[in-house]
Amino acid sequence: MALKRVAITLLALCGLAAVGDALRCNCTNCEKTGYECETDGACMASTYYTQGKEQHVRICINRDNLVPPGQPFYCLSAEGLLNTHCCYVDYCNSVDLKVPVPTKEVNWLGSSWGPVELVAVIAGPVFLLCVLLMVGVFLFQYHQRAYSHRQRLEVEDPSCDHLYLAKDKTLQDLIYDMSTSGSGSGLPLFVQRTVARTIVLQEIIGKGRFGEVWRGKWRGGDVAVKIFSSREERSWFREAEIYQTIMLRHENILGFIAADNKDNGTWTQLWLVSDYHEHGSLFDYLNHYSVTIEGMIKLALSAASGLAHLHMEILGTQGKPGIAHRDLKSKNILVKKNGMCAIADLGLAVRHESITDTIDIAPNQRVGTKRYMAPEVLDETINMKHFDSFKCADIYALGLVYWEIARRCNAGGIHEEYQLPYFDLVPSDPSIEEMRKVVCDQRLRPNVPNWWQSYESLRVMGKIMRECWYANGAARLTALRIKKTLSQLSVEEDVKM
Ligand SMILES: Nc1ncnc2c1ncn2[C@@H]1O[C@H](COP(=O)(O)OP(=O)(O)O)[C@@H](O)[C@H]1O
Ligand SMILES: [Mg+2]
């Protein structure tokens, strides 16, 4: 359509070619005047395509039609369609103009983009996408590298922990740093994790309710690692939480080092790391060895000190809540190298929140070991709203532990074989019902031999036991009272603690 209009316009212009004295031009449509025309304006030659054929037009353009001046409409070319040339000397429009080859072809998309543009349009975004992808991959790899580097740092060379974990520091140093600088509730968690992950397990040393206890090595020293199965995560968390109670640390409570939950992709390993005591539990110790009077007093006094500290509420910012153990027995007390006890296995402990006079977890009716359950626990008369009830139940169990110790006391060449409390009254692994019959109904207690009366220490121990075993929990001695009595005894017997 546009081409037609251009052609018609050009033909019409032929009629405008006027005869004059000014400029003479070639004129394709002027047969009558010998293909010439005259004008006061310009000669014009134009070449264009119409229906696939090249057409040439040469005409005169009058001055009146040379508008707008400078770039007259009739002299304009249209790229790829029309090549027009105006000139102002005689016959100057005899030139043969070529229509320039269209530079822009109509492509399959229906647009007028050339191959270069097409390539640019397609390749541009693809290139951009590649660049983004590469940047993404690079960032991901960088992040991965940084992450594994950090992991390695944490495991092998915890440089971020350098303040705490300088190569020459022993666990004792670490714990000392912590107790003098921190809140007194444990090592910072990242140090705990680093320590835990650099322990090399050596051998299994115990099996309990929730899993295995291992001896492990850390920086050449021994540590104990209690490994919980992932099903027991709550128990692991609870025990770690109790051990990290502010100001709990005491020489007669197992020294807690670290808790760690290590996810290896398929399962989670839950670790509690503590001081290692090569003698193992008091149960193991008494099974192996008899004890001297001095040894007995040491064991009994240290156990009472540990329990008194556990039970005691200390007020103030540097204080601690009262804690009841709820599973005190010879298997949950460890014997240290110096012959003193460390109370362990705090997994069932409860803490007293004195402001609200509540217990920090909902205590279930009967937990712990049936053989060591106090009468009020066995017959479920214990007042669980009252925190002191739990302390009294611990004291009953402590009395049984004292009986186990005192039986092994070698006085005047006599000592008895090791036995569990009530060994003569209930079968092994007794039921609650069997225990209740003996302890509540028959009101029986372990036998205190008469010959103990002949030895002041055994006499005192026997007296303490009986006062721990009252059916009425409130009438029992307190841990602090027992500690004082035994302290006095240790002075009298010249026991070096
Ligand atoms: N720190 C330790 N050092 C030496 N032996 C330990 C230590 N901790 C636990 N054991 C041994 O492992 C046994 C089970 O440990 P315990 O903490 O009572 O686990 P559970 O909660 O499974 O009863 C103990 O009776 C003792 O023989
Ligand atoms: Mg235990």
Side-chain angles (χ1 to χ4, degrees), residues 171-172 175 186 192 195-196 199-218 221-244 248-260 269-289 299 302-303 306-307 310 323-350 361 364 366-373 394 397-398 400-401 404-405 418 420-421 429:
L171 269 176
Q172 279 66 37
I175 304 285
Q192 289 190 26
V195 170
I199 289 170
V200 183
L201 296 180
Q202 307 287 315
E203 60 176 328
I204 200 161
I205 51 172
K207 268 196 164 113
R209 267 190 316 248
F210 300 129
E212 296 164 343
V213 181
W214 286 71
R215 179 174 65 83
K217 279 270 177 212
W218 192 78
D222 285 317
V223 290
V225 183
K226 185 162 164 178
I227 303 178
F228 293 69
S229 63
S230 32
R231 267 178 294 116
E232 303 293 349
E233 183 165 8
R234 282 165 66 96
S235 310
W236 165 82
F237 185 86
R238 178 63 180 167
E239 193 164 351
E241 182 180 49
I242 292 282
Y243 271 116
Q244 290 173 97
L248 178 64
R249 296 194 79 81
H250 186 274
E251 61 171 336
N252 302 121
I253 293 175
L254 177 61
F256 171 81
I257 297 168
D260 184 33
Q269 279 207 336
L270 304 168
W271 283 21
L272 278 190
V273 184
S274 64
D275 293 341
Y276 169 75
H277 298 297
E278 63 183 59
H279 285 313
S281 70
L282 179 63
F283 173 83
D284 298 328
Y285 187 79
L286 295 176
N287 264 283
H288 274 103
Y289 312 106
L299 289 172
S302 57
L307 192 63
L310 199 66
I323 301 172
H325 190 287
R326 297 206 301 165
D327 194 19
L328 201 65
K329 58 177 177 176
S330 53
K331 284 182 182 165
N332 286 339
I333 296 173
L334 302 171
V335 179
K336 306 209 290 186
K337 233 185 178 143
N338 62 6
M340 296 218 275
C341 289
I343 295 177
D345 197 354
L346 296 185
L348 289 174
V350 286
I361 54 160
N364 31 354
R366 283 187 299 209
V367 295
T369 307
K370 296 174 190 97
R371 188 181 294 273
Y372 289 82
M373 279 179 184
D394 280 350
L398 182 70
L400 297 182
V401 170
E404 291 172 72
I405 299 171
Y418 175 79
L420 280 168
D429 195 18

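This one's a predicted model, so the numbers in the text were calculated from it and none came from an experiment. Atoms within a ligand are numbered from 1 in the order they appear, just like the ligands themselves.
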**Request:** Run down the list Val273, Val213, Leu334 and name the one with the heavy atom closest to atom 26 (C) of ligand 1.
**Result:**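 The nearest heavy atom belongs to Leu334.
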Under a 4.5 Å cut-off applied to non-hydrogen side-chain atoms, are [X] and [Y] in contact?
X	Y	result
Ser330	Tyr418	yes
Asp284	His279	no
Ile227	Leu201	yes
Val350	Ile323	no

Using a strict 4.0 Å cut-off to heavy atoms of [X], name the atoms of ligand 1 that fall inside it.
X	answer
Ser274	1 (N)
Lys331	24 (C), 25 (O)
Ile205	4 (C), 5 (N), 6 (C)
Phe210	22 (O)
Arg209	20 (P), 21 (O), 22 (O), 23 (O)
Asp275	1 (N), 2 (C)
Gly206	12 (O)
Asp284	27 (O)

Spatial distance of atom [atom1] ([X]) from atom [atom2] ([Y]) [nearest 0.5 Å]:
X	Y	atom1	atom2	answer
His325	Ile242	NE2	CD1	10.0 Å
Asp327	Leu346	CG	CG	10.0 Å
Tyr372	Asp394	OH	CG	13.5 Å

**Item:** Thr369-Lys329 side chain donor-acceptor pair, cut-off 3.5 Å
**Value:**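 Present: a donor and an acceptor within the cut-off.
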**Item:** Side chains of Gln192 and Gln244, donor plus acceptor under 3.5 Å
**Value:**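 There is such a pair between these side chains.
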**Asked** Relative to ligand 1, is Lys226 under 4.0 angstrom through side chain, backbone, both or neither, heavy atoms considered?
**Response**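 Side chain only.
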**Message:** Does only the side chain of Leu254 get under 4.0 Å from ligand 1, or the backbone, or both, or neither? Count heavy atoms.
**Reply:**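 Looking at Leu254 and ligand 1, just side chain atoms fall under 4.0 Å.
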**Asked** Which N, O or S atom name in Asp345 marks its closest approach to the Mg ion (ligand 2)?
**Response**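 Checking each N, O and S atom of Asp345, the shortest distance to the Mg ion (ligand 2) belongs to OD2.
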**Verdict with reasoning, Asp345 to Lys331, per salt bridge (Lys or Arg N to Asp or Glu O under 4.0 Å)** = CA-CA 9 Å; Asp345 197 354; Lys331 284 182 182 165; over 6 Å; no
Closest approach of any protein heavy atom to [atom], naming residue and atom:
atom	result
atom 3 (N) of ligand 1	His277 N, 3.1 Å
atom 18 (O) of ligand 1	Asn332 OD1, 2.8 Å
atom 20 (P) of ligand 1	Asp345 OD2, 3.4 Å

**Request:** Compute the minimum heavy-atom distance from Gly347 to ligand 1 and say whether it is under 4.0 Å.
**Result:**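 Gly347: no contact with ligand 1 (<4.0 Å).
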